[in-house]
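Computed from heavy atoms alone, side chains included, the values below leave out hydrogens, waters and symmetry copies. Here is how names work: the chains are called A, B, and so on, in the same order as the sequence lines, proteins then strands, and each is numbered from 1. All values reported here derive from a predicted model rather than from experimental measurement.
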Protein chains: 2
Amino acid sequence: MNKRVTIADVARTAGVSMMTVSRVVNDSGPVSESTRQRVLLAVGELGYRPSGLARGLATRRTATIGLVVPDVANPFFAGVAKGVEQIAYAEGYNVFLGNTGEDPEHELTLLQSLEEKRVDGLILCSSRLPEADLRQALQWHGATVLVNRQLEGFGAVLVDDQRGAIALVEHLLSGGRRRIGMLAGPETSHSCRLRLLGYDSVLQEAGMQRRQGWMLRCAPDVAGGRQGAINLLQAYPELDALLCFNDLVAVGALQAAAELGRSVPDDLAITGFDDIPLAALMTPPLTTCSVPVFDLGDQAMRLLLEQIGGCDEGCERIVLAPELVIRGSAP
Amino acid sequence: MNKRVTIADVARTAGVSMMTVSRVVNDSGPVSESTRQRVLLAVGELGYRPSGLARGLATRRTATIGLVVPDVANPFFAGVAKGVEQIAYAEGYNVFLGNTGEDPEHELTLLQSLEEKRVDGLILCSSRLPEADLRQALQWHGATVLVNRQLEGFGAVLVDDQRGAIALVEHLLSGGRRRIGMLAGPETSHSCRLRLLGYDSVLQEAGMQRRQGWMLRCAPDVAGGRQGAINLLQAYPELDALLCFNDLVAVGALQAAAELGRSVPDDLAITGFDDIPLAALMTPPLTTCSVPVFDLGDQAMRLLLEQIGGCDEGCERIVLAPELVIRGSAP
DNA sequence: CTGAAAGCGCTTACAG
DNA sequence: CTGAAAGCGCTTACAG
C-alpha cells in the first residue's frame, strides 16, 4: 500500500497552502473559483481522502455515534438499529454498534471504549446496568439518549411498558382467564420491572392474589421462553394464560405449549410484547403489544442530534404508546 | 462539561514525563514499580481516558473495523453482525455498522466514510456493487473480507450457494414436483446469481425446460416475497413448487399461498434459504438450506484479524457448506 | 481571497 | 528506567 496522500500533498501539487485546501474540501471560507478548481483537480488526481482522525482531533467532533443494545439478533433491537442508522447516514454520521449479550460488564466496557473513540453521542438501549453504574458510565459521555430506560437528567425514548402490560392483562381477564402466569425477563431490565408492575396492579385491582410461583424469569429469547414455559407449566398446570416478557419469549412458550400438549388459545392463552414481524406469522398468531421499533431508533437519533447541536430540548422524554394487538394466541 | 484531561495533565500531577505515562497506560516499555503506581494513581484520580483519535493518528491503527450489510433487520445479517461483534469485542475492536438498505449508492458512500474514519479493516456482506465499482471502493481500504461474495484477490467467507440450490431443487424433484418456479432476489446479489445457476442446472440436467416466466425477482424480505408470490402464482397457477431466494421471501410466499387458497405443501411446495430462527417456527415449518450465520460472522472477523496482523493467509477463501433442512413446507 | 503559526493528544525513534 | 523533540494530519484563530 502506498503512503497515504495528505492535505500537504494536495497543497503542494495545487500550489496553494494547506489552509486553502482545507477551505475547499470543507467548503468553509471564501476561495476564488479558479483556485477552487485547481485544488479540486489535485484532490481528484491524488485520490485525497481527509483523515477523520486528524480532523476529529482538531475539531473535537468525530461525526460518529455509539449504539449499544443487548442483542442485535432480537428483531426488536435490529429494528431500532435500522432506524438509528438511517437517520445517522442521512446526517453524515457513522454508527458504532455494540452488542452486550445481556452482560453488564460487557456493556460497561463497551461504553468506555466508545468514549475513548470520542463518539459525539451515545444511544443506549435497554441498559442492564444498575442505576449507580449507569450514571457513572454516562458521565464519561456528552450527548446521550436512553431507549427503554429512564434516568433523571437524560433524554430518553420510551415505551409505556406499564400501560402495555395493563392492557394485555385486562384483555386476558376479559377473556375469562383467571390464572395468569408471567414469564418475566431479566431482573436487570427496566422494561421488565415496569411490565411486572402493570401485571401486579391489574391483578390487585381485580382483587386477585398473585400466586407466589406464577412469575418466573427466563432469558429474553426463544430458547429461554421455551424452557421457562416448560418449567412454569409443569409446576403450575392450572395456569390458563402466560404473559410473556417479549415476543421471542412468547414464541418459545408457544413451542413449549405444543410440546406439553396444551392447546393455544383454548387451554392456554399466550401474549407477547413488541410485535416483531415474526409475531403475526406464528400459528396461532401472537396477541401482543405493538411497539414502533423503527420509530424508536429514528426518534432516539433525532433527539441525540438535537443534543449534539446544543439544543436544550435534547433532554426531553418521548414516550411512545404501545398498542394492544389482538390475535389468535389470546383472542 | 469540564475540559478533558489529557496525558499532559496526568504527567504533571504524577510528576513524570508524558512518555512515562504513555508507557504505563499501554504497558509498553519498562517502568519502575513505584513510578507506575504514581502514574496509575494520577490516572485514577483525574479519570484519564486516552483519546483514541490521537492514538490512532500517531500509531496508524484505530482498533476499529467496519461491517456493512444490506439489511440488519434480516435475521441473517443480524446473526452475522452478532458473530462479528463478539470476536471484535474479545480482541478489543469496536465495529462500525453500516446498513445499505440494498442501495448501491448508499453502500458506496458508506465504504468511503469508513475509509475516512480509518478503520483497520472491513467486512462487507453481500455487496450489491458491480465488480468494477466494488474493486475501486475496496482499493481505498486495507484489510478486507467479503462475505457472500467473491472477488479475486480478496479474502472471503462464502456459502456454497449453488450447491444449496441444487440440493433444494433435487429435493423438490424427488418429491414429485415438476413445475418449479423461482422467486429470485435482487439482480445485484451475487448469492442470487449462484442460486439461479444451481436451479437452472438441475432443471437442465433433468431434461426439463425452464419456462420463461417462472422466474420472478422480488425484494428480499417478507413483503417482497408475498407480493412476488402473488404475482407469480396468479400468472402461472400451474406451478407446484416455489424455490425462494431466502427464508424471508419464503415466509412471504407462505402468506401469499394462504391468501390465494393454495395449500402448502399438498398443492404447492415452498422452500427458503438461510434457515433463520423463524424458519422452523412457521406453519408449516420451512424446508430450507441451513447457513451457519453466526459462524459466518465469526470466521469473517478471524480472517480479517489475520489480515490486519499481516498474515498472508488472510486472503484465503472459506466456503461453508449449506445443509438441506427438510421440513413441512416441502417434505 | 490567502497563508504562516500554533495546537489538537498521543507515540515513535533517539538519547541518556 | 526516564525524557525532550519531532511528527501523525488536520483546523482554529490571526494576519495580511
Nucleotides 8-10 of chain D: which of its N/O atoms have a protein N/O under 3.5 Å away?
from	atom 1	to	atom 2	distance (Å)
dC8(D)	O3'	R60(B)	NH2	3.2
dG9(D)	OP1	R60(B)	NH2	2.9
dG9(D)	N2	A54(A)	O	3.4
dC10(D)	OP1	Y48(A)	OH	3.1
dC10(D)	OP1	S51(A)	N	3.3
dC10(D)	OP2	I7(A)	N	2.6
dC10(D)	O5'	Y48(A)	OH	3.0

When the distance from CE of M19(A) to C1' of dT12(D) is rounded to whole Å, what number comes out?
8 Å
Distance-minimising heavy-atom pair for L129(B) and P104(B):
CD1-O, 3.4 Å
Roughly, in whole Å, what's the span from CZ in R23(B) to C1' in dA4(D)?
12 Å
Using a strict 4.0 Å threshold on nitrogen-to-oxygen distance, state whether D71(A) and K82(B) make a salt bridge.
yes
Do V72(B) and E85(A) come close enough that some side-chain heavy atom pair is under 4.5 Å?
no
Just so I know, are the side chains of N148(A) and F76(A) near enough to count as touching, which here means a heavy-atom distance under 4.5 Å?
yes
In this structure, are over 12 heavy atoms from other groups packed under 6.0 Å from E105(B) atom CD?
no
Taking C-beta and beyond as the side chain, do V21(A) and V16(A) meet within less than 4.5 Å on heavy atoms?
yes
Ignoring backbone atoms, test whether T20(B) places a side-chain nitrogen or oxygen under 4.0 Å from the OP1 or OP2 oxygen of dT2(D).
no
Specify the separation, in whole Å, of atom CD of E33(A) and atom C1' of dT2(C).
16 Å
Of the non-hydrogen atoms in G47(B) and V5(B), which two are nearest, and what is the gap between them?
O-CG1, 4.4 Å
In what stems does DNA chain C take part, counting only runs of at least 3 consecutive Watson-Crick or G-U pairs whose two distances fall under 3.5 Å?
C:1-3 with D:14-16, C:5-12 with D:5-12, C:14-16 with D:1-3
Flag yes if more than 12 heavy atoms outside R135(B) fall under 6.0 Å of its CZ atom; otherwise flag no.
yes
Under the side-chain hydrogen bond (donor to acceptor under 3.5 Å, both in side chains) test against E115(A), which residue among K117(A), Q112(A), R118(A) passes?
R118(A)
Residue of the set P50(A), S17(A), S22(A) for which side chain to side chain contact (heavy atoms under 4.5 Å, CB included) holds with I7(A):
S22(A)
At under 4.0 Å between heavy atoms, what does T35(B) touch on the DNA or RNA strands: base, sugar-phosphate, or nothing?
sugar-phosphate
A quick test of your reading: do over 12 heavy atoms of other residues, nucleotides or ligands sit less than 6.0 Å from CD of E33(B)?
yes
So which of residues 36-44 of chain B are in contact with DNA chain D, with a heavy-atom cut-off of under 4.0 Å?
none
Would you tell me if any nitrogen or oxygen in the side chain of S32(A) comes within less than 4.0 Å of OP1 or OP2 on dT2(C)?
yes
